[in-house]
Amino acid sequence: MAPVTDHCSFSSFSKCLTRHLNLSLQADFSSRVLRGRVALTVEVLEDKFSSLTLDTKDLKIFKVSANGQAAKFELGAQHGFKGSPLEITLPFELSRGQHVIVEVEYETSPSASALQWLSPAQTAGKKHPYLFSQCQATHCRTMVPCQDTPSVKHTYYAQVSVPKELIAVMSAVRDGQEADPTDSSRVIYRFRQPVPMPSYLIALVVGALESREIGPRSRVWSEKEHVDQGAFEFTETETMLKTAESLAGPYVWGQYDLLVLPPSFPYGGMENPCLTFVTPTLLAGDRSLSNVIAHEISHSWTGNLVTNKTWEHFWLNEGHTVYLERMIGRAMEGEQFRQFKAIGGLKELQEAVHQFGANNAATNLVVNLEGVNPDECFSCVPYEKGFALLYHLEELMGGPEVFMGFVKSYIQMFAYSSVTTEQWKDYLFTYFKDKVDILNKVDWNGWMYTPGMPPFKPQYDTTLADACNALAQRWTKAKDADLSGFSEADIKQLSSHQLIEFLALLLLQDPLPTSHVKRMQEVYKFNSINNSEIRCRWLRLCVKSEWEDAVPLALKMATEQGRMKFTRPLFRDVYNFAKFRDEAVKVFKEHRNEMHSVTAMLVAKDLKVDQSTGL
Ligand code: BES
Ligand code: ZN
């Protein structure tokens with residue numbers, strides 16, 4: 001097989017592979033650092049092996065040893081988002097097939113991009129500090145020196161010492177706790193992850209956590225203020241897990257817990273093994289945002305078992321996961337619901353292509369990340385172009401059952417390994433060897449390596465979307481004199497999913513006149529809806545229509561929670577409302593220090609706030 005280059009990693013994974021990682025850390029809330037050591041069990045792939053390179057970023061390295069003997073090391077210059085290569089020279093030579101234990105003593109930086117340290121004031125309970133990590137895609141190296149590439153998989157064991165009023169949880173099986181023998185004010189929590197996984201799935205939370213059982217293999221974790229809400233919102237977890245198993249094969253990770261994070265968590269969900277992280281903006285009170293759970297559950301197969309070899313093949317993770325997520329939706333709500341969600345996804349793809357520009361290479365399914373920070377080109381493209389391709393293939397190959405057969409077989413074939421788009425495609429052709437003629441007619445280059453909308457537009461069943469389209473049309477066509485014709489009854493029959501779709505349709509159009517959104521508030525009372533997906537789209541619509549009253553509400557939502565899917569467009573839309581451009585920048589600067597560092601970095605770019613003189 002051709003050697004793979006990972007443009008996002010310095011680690012020498014063609015020479016050696018990490019097989020196991022043993023972490024021993026102390027969380028120091030007063031200086032906001034993690035301190036301790038990692039021991040990497042590394043398998044050698046070449047003869048005359050005597051040096052290796054690890055990824056690090058913003059780490060202080062104190063000491064390196066190999067099999068207990070001191071080793072020379074040097075930290076290279078910092079390369080933007082990639083960090084600094086840690087070059088280690090062993091005091092001996094090894095040959096192919098041998099193993100070496102490389103131990104690094106180190107400390108993280110208070111500004112480590114994987115970690116957010118929250119003050120008590122930033123938590124629900126207001127009494128205790130809180131720490132969470134988010135390693136995907138390239139942030140693990142700010143928390144652990146490692147081969148920070150998804151092409152390498154290893155098991156891990158960890159022990160974390162924390163102040164005894166706090167609890168630590170990780171993306172692994174809990175393995176007990178004990179008083180810290182070196183400090184009576186602290187407790188050590190132990191974890192083991194016996195399934196090999198990539199570094200970006202290492203995750204840690206330390207806080208005043210509680211938990212409640214929600215299923216035979218599931219608990220909800222959060223500060224006590226949200227445990228009951230979480231338990232209610234996520235009751236379908238076991239049903240979804242069983243559905244996913246019937247589609248994709250056995251769940252191999254043992255436990256499937258959920259952890260509801262503080263509001264600054266930058267994503268909707270993160271598929272950390274054994275412990276999915278979710279944003280509190282999923283707590284809608286009616287379970288209507290549970291597709292995010294179906295999505296993160298699906299990653300237990302696509303992403304965590306079969307992993308993209310590099311971030312250029314990220315669509316393999318996300319496209320298949322959206323496909324599985326919607327298959328779970330299909331099993332639980334029916335085919336029409338899946339079709340409806342696919343329509344919504346295609347609309348999001350359109351918005352992204354419009355945002356980037358149809359010639360922007362960031363809208364390719366397979367991207368080129370040479371010199372590109374994956375956080376900066378993150379979008380719904382790998383999700384929705386990926387889904388659209390898989391759905392197109394599903395239709396060509398004979399329908400959902402037939403294509404799910406392929407997806408399941410692909411998972412079995414590549415479980416515990418990392419794959420490229422070419423490997424995926426080769427396997428597709430092998431699996432459907434009787435239908436190669438049809439596969440050969442697919443415009444592969446158009447789908448994978450060409451920007452803009454896909455070369456083929458799937459036709460979805462519009463049964464559930466029709467009502468959304470009709471109502472959106474009425475609003476777009478209405479003259480001021482027609483506004484009295486709208487009433488609360490218009491939306492009586494619409495589900496929250498349909499309201500989201502209705503607003504998404506209007507967001508794709510030219511802005512409505514201010515009079516229209518004011519009337520919409522009068523009749524539909526959207527301002528009092530707290531469902532985050534509805535609220536964000538509604539406030540964006542109002543701001544785009546230049547309704548001044550909506551600006552403070554939009555900025556409030558943009559800062560009270562930090563999910564990038566909401567915070568970035570809300571800030572951007574206020575910024576694009578000329579009269580409030582300075583206000584958007586001012587509010588951002590006021591909140592910047594309490595924001596997650598990745599969110600702050602991206603909002604600063606969106607608002608063209610100079611990184612160096614930003615304060
Ligand atoms: N793995 C992603 C989140 C992610 C991607 C974090 C890239 C960092 C870098 C997660 O599974 C995800 O896709 N979350 C979505 C859920 C949605 C598609 C249902 C989100 O955060 O909104
Ligand atoms: Zn995902």
Side-chain angles (χ1 to χ4, degrees), residues 8 81 113-114 116 132-140 142 148 150 171 197-203 234 240 244 258-261 263-273 275-282 284 288-308 310-329 338 341-342 344-345 348-349 352 362 367 369 372-387 497 500 532-533 536 561-569 596-599 601-602:
C8 300
F81 78 92
S113 57
Q116 190 176 12
F132 72 83
S133 70
Q134 167 57 45
C135 287
Q136 197 181 12
T138 56
H139 301 286
C140 186
T142 71
D148 198 7
S171 53
M197 47 153 249
S199 58
Y200 75 87
L201 294 175
I202 295 175
F234 308 132
M240 289 178 169
L258 288 160
L259 180 120
V260 183
L261 282 109
S264 62
F265 186 64
Y267 294 95
M270 177 64 214
E271 64 271 26
N272 298 131
L275 181 66
T276 282
F277 285 17
V278 294
T279 166
T281 64
L282 299 189
S288 62
L289 305 178
S290 64
N291 73 298
V292 177
I293 309 302
H295 180 94
E296 305 313 332
I297 286 175
S298 300
H299 273 305
S300 308
W301 291 266
T302 48
N304 299 2
L305 261 193
V306 181
T307 307
N308 47 217
T310 70
W311 298 115
E312 308 193 318
H313 306 284
F314 182 53
W315 83 272
L316 290 174
N317 274 17
E318 297 301 344
H320 288 87
T321 298
V322 173
Y323 186 80
L324 274 177
E325 166 201 335
R326 291 187 181 146
M327 289 302 278
I328 295 174
R338 181 173 80 124
K341 286 290 174 179
E348 273 190 51
L349 179 59
V367 288
L369 291 178
V372 178
N373 178 347
D375 285 338
E376 288 178 22
C377 71
F378 179 79
S379 76
C380 73
V381 171
Y383 295 76
E384 296 301 344
K385 213 186 226 191
F387 174 82
H497 306 280
I500 293 170
S532 55
E533 296 280 354
C536 176
Q561 59 74 47
R563 184 175 175 187
M564 288 197 277
K565 178 183 180 183
F566 302 144
T567 293
R568 287 182 71 186
H596 188 274
S597 65
V598 174
T599 315
M601 181 271 287
L602 293 169

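Order of appearance sets the numbers: ligands from 1, and atoms from 1 within every ligand. If you're wondering where the values come from, they're calculated on a predicted model, not measured in any experiment. Numbers here are sequence positions counted from 1.
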Once you measure the plane-to-plane angle for Tyr323 and Phe387, does it fall in the parallel (<30°), tilted (30-60°) or perpendicular (>60°) bin? tilted
Would you call Gln134 and Val598 a side-chain contact if the rule is heavy atoms closer than 4.5 Å? no
Once side-chain contact (heavy atoms from CB on, under 4.5 Å) is applied, do any residues pair with Ala114, and if so which ones, sequence neighbours excluded? Cys135, His139, Thr142, Met143
Could you tell me if the side chain of Met240 sits less than 4.5 Å from the side chain of Ser290, heavy atoms only? yes
Check ligand 1 for N or O atoms under 3.5 Å from a protein N or O and list each pair with its distance.
| from | atom 1 | to | atom 2 | distance (Å) |
| --- | --- | --- | --- | --- |
| ligand 1 | 1 (N) | Gln136 | OE1 | 2.8 |
| ligand 1 | 1 (N) | Glu271 | OE1 | 2.6 |
| ligand 1 | 1 (N) | Glu271 | OE2 | 3.1 |
| ligand 1 | 1 (N) | Glu318 | OE2 | 3.2 |
| ligand 1 | 11 (O) | Glu271 | OE1 | 2.9 |
| ligand 1 | 11 (O) | His295 | NE2 | 3.3 |
| ligand 1 | 11 (O) | Glu296 | OE1 | 2.8 |
| ligand 1 | 11 (O) | Glu296 | OE2 | 3.2 |
| ligand 1 | 11 (O) | His299 | NE2 | 2.9 |
| ligand 1 | 13 (O) | His295 | NE2 | 3.1 |
| ligand 1 | 13 (O) | Glu318 | OE1 | 3.4 |
| ligand 1 | 13 (O) | Tyr383 | OH | 2.6 |
| ligand 1 | 14 (N) | Gly269 | O | 3.3 |
| ligand 1 | 14 (N) | Glu296 | OE2 | 3.3 |
| ligand 1 | 21 (O) | Gly268 | N | 2.6 |
| ligand 1 | 21 (O) | Gly269 | N | 3.3 |
| ligand 1 | 22 (O) | Arg563 | NH2 | 3.4 |

Centroid-centroid distance, Phe265 to Phe132, less than 6.0 Å: yes
Go through the side-chain N and O atoms of Thr281 and Arg563 and say whether any donor and acceptor fall under 3.5 Å apart. yes
Taking 2.8 Å as the limit, list every protein N, O or S atom around the Zn ion (ligand 2), by chain and residue number. His295 NE2, His299 NE2, Glu318 OE1, Glu318 OE2
Pair Glu384 + Arg326, salt bridge at N-O below 4.0 Å: yes
Is the shortest side-chain heavy-atom distance between Leu282 and Ile293 below 4.5 Å? yes
List the atom pairs, donor and acceptor, that lie under 3.5 Å between side-chain atoms in residues 314-321 and the rest of the protein, sequence neighbours left out.
| from | atom 1 | to | atom 2 | distance (Å) |
| --- | --- | --- | --- | --- |
| Trp315 | NE1 | Thr421 | OG1 | 3.1 |
| Asn317 | OD1 | Asn308 | N | 3.0 |
| Asn317 | ND2 | Tyr200 | OH | 3.1 |
| Asn317 | ND2 | Asn308 | OD1 | 3.0 |
| Glu318 | OE1 | His295 | NE2 | 3.0 |
| Glu318 | OE1 | His299 | NE2 | 3.1 |
| Glu318 | OE2 | His299 | NE2 | 3.3 |
| His320 | ND1 | Leu316 | O | 2.9 |
| His320 | NE2 | Trp424 | NE1 | 2.9 |
| Thr321 | OG1 | His299 | ND1 | 3.0 |
| Thr321 | OG1 | Thr302 | O | 2.9 |
| Thr321 | OG1 | Thr302 | OG1 | 2.8 |
| Thr321 | OG1 | Asn317 | O | 2.5 |

